[in-house]
Amino acid sequence: MKIVAPAGNLERFYSAVNAGADEIYMGIKGFGARRNAQNFTLEEYKEAIDYAHKRGSRIFLTLNTLMKNVEIDFLYTNLKALYEYGLDAIIVQDLGYFRFIKENFPDIDIHGSTQMTVANHVEAEYLKSLGFKRVVLPREMTFEEIKSIREKTDIELEVFVSGALCISYSGNCYMSSFIGGRSGNRGMCAQPCRKLYTKDSKCNFLLSPKDQLMGLEEIQKLKEIGINSIKIEGRMKEKTYVNEAVTYFRDMIDNINREEKLSKIFNRGYSKGYFYKETVSEDIMNKNYSATIGNPIGIISGKELLLEDRIMLGDGITYLSKDYEILGGEYINRIEKKNQKEKYKEAVEGEKIILKNAPKGSKFIFKNFDKKVIDEVTARLKEENKKENVELTFEGRLGEKPLLKGKVINSRGQEIYSEIIGESLIEVASKKSADSKNIEEKLCETGETVFKVSKCNVYIDNNIFLPISILKELRRNLLKELEEKLVLSYRRNLGEREIFKIQVEKDEIKTPEISVMVTTKEQEEIVKELGIEKIYHRGYDVAKEGNLKYININEKLATNLYQILKNTNKDVTVGWNLNVGNIYSLNEFAKIPNVKTIIISPELKYEEIENIGKVPVRKAMLGYSKLKGMYIELDILKDKETFKNEQEDLFISRINPLGNNEIYFNKPLNVLSQVKRLGKLGIDEVVIELLDEIKEEIEEIIRNIDKKENIYSPYNYERGVY
C-alpha cells in the first residue's frame, strides 16, 4: 500500500519525498482544486519530477476541477511539456477533460478525483472501462462499503486517511459558488463551512467538521483488503505537517503503533471520519472553533492551571474564553509550579502551574506550539529516507580489468542497466589479497547518492590485489551514470500527431420546453393541473455502495452516475449536479445510451453556455431553483431548520429519505422572465426545481413565465465564477 502525499510548493515537496512518500500530488499555477496554494511553475514542476524519479517516487498533476472550453485547449502546451518530461499521472474531475487527455496523451495514467463522487463499484467499473487507472473514493465511505467496492472491481482504489474534511460531499458543494462566485469545483472555495452561522439566535460554527485522522487499526484494515494507496490531505499545510504525516503513516503500514503527533502540529479536533457505520454528527463536527488553535492542555481557574498534558520551556500557548474566543497567547519561558519556589524546565499531566500572564476571562488553555515535536520533525527534515534500490555485480578476474554492473528498476517497471570497466588490469596480491565481504561493504557505501544497495554480488579470483580507491571510483562513476539513465528512462516523445480537439459550432435558436422537478406528490398534482407535461422527481446526488437498492433506476432525471448507467428509461436527463459545463463533457455523456438531455451547470455565465455550441444531446438549464448548496452524509441539522450566515443569507435544511442533510438557499435563482433569451443561447429545455413551494407560489411561478412578474435573480448566470 502506497502513501500519496500533498505538496503545495517545493519546500513541502522535498519534505514529502524525503519522509518516504511513494507518490506526491501537486498543482500547477492557475489550475487544480487548491488554486490558493502556491503551486508550481512549469520549471519547478520539472525539477520536482526529476528529484522524485531519482528516489523512486511518482508525481501526480492535479487538474481536478471543472474546465471551460477555452481552458481545455489552453492547457495543452504545458501538459505536453510535462507529459514528455515524465509526469506519471493526472488527477481529473471533469469527464470531458479526461477524454481530451486520453486522446492526446495516451501513455499516462489518469485518476478519478474524489470530486467525481464515485461511491460504488458500478461507477468505478465504468471509469475503468473508459481508461481510468485509479479512483479516489469519497471521504464519506464506511470501511464495509470500501471493502465491497474492492471485492467487485480491480481498478486501483485510493482512500483519504487524514486531513481536512469537507462537510459536503466533494464535487457537490456549491455554497462558496452561490454565495460569492468562488467555486469549490474550480479550486477557489472560500470555505463557507468554516464561517459562523446563526440558528435560533445562537451563533457558532454550524458547518465546520473536525479533521480526519486514522490510526493503526484502520490502516491495517485497508491494507488487508488490498487498497492500493492511502492519501494525505494538506497542500496548504506546512512542511512539518507533511513530513510528520508521511512518517506516521509509513509506521502504520509497517505495523508500528506509535504516538500520533499530527495533532500537536495542526489541530481543530480530529475524528475517524466516516470509517465506522456508527458515526454520528457529534463525532464529526466541531462547532466551537474552525481554525487550528492547538491541543487543549487544561482549564484555568484564576491564575492556576491543572495540566492535562506535558509542557516545557519554548512551548506556545493560547488563552481562550468560555466561548473559545482567542484572548491572547505567549511562549513559555518560565514554569512555576504551585507551592514550589524552584524554576522548572517542564511540567507534566496532573501538576498545577501558575500562569501570571493569563488575560481576564481566560477559561481554556491550548498548546499551539509543541517545541519537542517541532524540534524532532525539523531534525528529520534534514534526512533523506527515500532512496532508489540498486543491484550491483562486481567481477574481479586476474589479468582482466575490474567490472562493476548496476541495475535499477524504475517505478514503471523498466529495467535500467549500466556497467563501468576499470582502467588497469588486476594483478596478483603481493601482500594482503582482496576479500569478497570487504568489497561488498565498500560498494554498499552509497553515502549521499540517491541509491541504496538492495543486492550486491561479488565474483573475484583468489589472491588478487584491488585498491579501495579503484572500488570507490567504479562505484561513483556507475551510480552517476545510472542516475542519469534513470531520469531519462521516464521521458516520452509524443512525436508529430494531430491534436484531438472538438470544434465549436454555433447552435441554432430554440423554443425551450418547460419542465418541472418536484419534491412532493402534492407539487406534482399542482404542476399537472397547470399543464406541465414533463415532470421530474427529486433524486439523490450520491449513490453510495451501501444504498444502491434505494436508487430508482427508472427515473427520467438521473442525479448520480450510477443512475445514468443503470437507467431503464429511454429518455434520460442528466442532473445539473453532475457538473457538465463544456463541449467535451456534453459529448462524453452523450455516448451513454439513453442520455437525451443534460442540465448544464448553473456555475456558467450566459455567454459560456452559448459558447458550448452544438452538441449531440438536448441542452437544458435551470430557470428557477432554491439552489442546493451542500449534500451532506449525516443529519447535522434537523429537517426544515433555517439558519443565516454573516451576510444574512438564509438557508433551509432538508433531510432526504436516505437521512442525508441537504442545505438550500432560501432566495431562489429565477431567470424565468428570460426564457426567450435562453432559447437564443441554444437551450432546448428550461427546468423549474421545486423544494418547499406551496400551491400559490407554484402557480405564480409557472403562470408568469417570460413575464417580468418573475423576479430576476440570476446568481452565477450573470457574474460567473472564479
Side-chain angles (χ1 to χ4, degrees), residues 30-31 63 65-77 79 92-105 116 130 177 181 183 185-186 498-515 534 557-558 561 564 571-623 669 671-672 674-687 714-722:
F31 293 92
L63 291 176
T65 55
L66 301 181
M67 299 287 184
K68 300 176 183 179
N69 285 1
V70 65
E71 293 170 336
I72 291 177
D73 299 335
F74 172 77
L75 266 168
Y76 178 84
T77 302
L79 199 51
V92 301
Q93 174 186 7
D94 194 299
L95 206 55
Y97 193 52
F98 157 80
R99 179 56 58 196
F100 180 84
I101 295 169
K102 189 69 178 174
E103 296 298 328
N104 286 308
F105 308 103
M116 295 186 81
L130 292 179
S177 173
S183 171
N185 281 318
R186 304 261 304 147
E498 185 178 350
I499 299 174
F500 168 76
K501 183 178 179 181
I502 299 176
Q503 297 298 327
V504 177
E505 182 182 346
K506 185 175 177 61
D507 207 349
E508 58 194 46
I509 296 174
K510 310 287 181 62
T511 301
E513 175 187 15
I514 302 296
S515 62
K534 194 168 189 179
L557 178 65
L561 185 56
I564 298 172
D571 185 0
V572 176
T573 296
V574 175
W576 65 264
N577 61 292
L578 271 293
N579 300 317
V580 182
N582 60 65
I583 192 170
Y584 293 90
S585 292
L586 274 111
N587 274 272
E588 197 63 27
F589 275 99
K591 296 175 184 177
I592 302 175
N594 301 342
V595 169
K596 298 295 186 292
T597 305
I598 296 175
I599 306 175
I600 294 169
S601 168
E603 293 196 307
L604 269 62
K605 292 193 293 186
Y606 289 130
E607 52 264 45
E608 291 167 342
I609 294 172
E610 183 178 17
N611 290 339
I612 288 174
K614 187 175 289 187
V615 291
V617 288
R618 298 172 73 250
K619 291 179 291 186
M621 63 183 285
L622 290 181
L669 172 148
V671 293
L672 291 176
Q674 309 285 311
V675 169
K676 289 180 182 177
R677 175 187 179 186
L678 304 184
K680 293 178 182 178
L681 305 179
I683 294 300
D684 298 273
E685 182 179 330
V686 174
V687 183
Y715 277 82
N716 293 330
Y717 288 148
E718 288 278 8
R719 70 189 177 196
V721 296
Y722 293 104

Could you tell me which non-hydrogen atom of [X] sits nearest to which non-hydrogen atom of [Y], and how far apart they are?
{"X": "V504", "Y": "G613", "result": "CG1-CA, 4.0 Å"}
{"X": "I600", "Y": "I683", "result": "CD1-CD1, 4.3 Å"}
{"X": "V572", "Y": "A558", "result": "CG1-CB, 3.9 Å"}
{"X": "L63", "Y": "L75", "result": "CD2-CD1, 4.1 Å"}

For [X], enumerate each residue passing the salt bridge (Lys or Arg N to Asp or Glu O under 4.0 Å) test, keeping only those at least two apart in sequence or located in another chain.
{"X": "E498", "answer": "none"}
{"X": "K676", "answer": "none"}
{"X": "K605", "answer": "E607"}
{"X": "K591", "answer": "E588"}

Applying ring pair (Phe, Tyr, Trp, His ring centres under 6.0 Å), name anything that partners F589, two or more places apart in sequence or on another chain. none
Suppose we screen for side-chain contact (heavy atoms from CB on, under 4.5 Å). Which residues come up paired with [X], at least two apart in sequence or across chains?
{"X": "K680", "value": "I509"}
{"X": "N716", "value": "S177, F178, E603, R719, V721"}
{"X": "D73", "value": "F100, K501, Y584"}

Separation of [Y] [atom2] from [X] [atom1] (nearest 0.5 Å):
{"X": "L669", "Y": "M621", "atom1": "CG", "atom2": "CE", "answer": "7.5 Å"}
{"X": "T573", "Y": "I564", "atom1": "OG1", "atom2": "CD1", "answer": "10.0 Å"}
{"X": "I598", "Y": "L578", "atom1": "CD1", "atom2": "CG", "answer": "8.5 Å"}

Holding to side-chain hydrogen bond (donor to acceptor under 3.5 Å, both in side chains), I want the full list of residues that pass it with [X], two or more places apart in sequence or in another chain.
{"X": "Y97", "value": "none"}
{"X": "N582", "value": "D94, S585"}
{"X": "E685", "value": "S515, K534, Y536, R618"}
{"X": "Y606", "value": "Y712"}

Would F500 and Y76 count as a close aromatic pair, with their ring centres under 6.0 Å?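 No.
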I583/L586 under side-chain contact (heavy atoms from CB on, under 4.5 Å): CA gap, chis, key distance, verdict: CA-CA 5 Å; I583 192 170; L586 274 111; 5.7 Å; no
So, [X] side chain and [Y] main chain: donor-acceptor pair closer than 3.5 Å or not?
{"X": "N104", "Y": "I499", "value": "no"}
{"X": "D684", "Y": "A620", "value": "no"}
{"X": "R186", "Y": "L66", "value": "yes"}
{"X": "N69", "Y": "N611", "value": "yes"}

Are any non-hydrogen side-chain atoms of [X] and [Y] less than 4.5 angstrom apart?
{"X": "L604", "Y": "I612", "answer": "yes"}
{"X": "K619", "Y": "D507", "answer": "yes"}
{"X": "M67", "Y": "Q93", "answer": "no"}
{"X": "V615", "Y": "N587", "answer": "yes"}

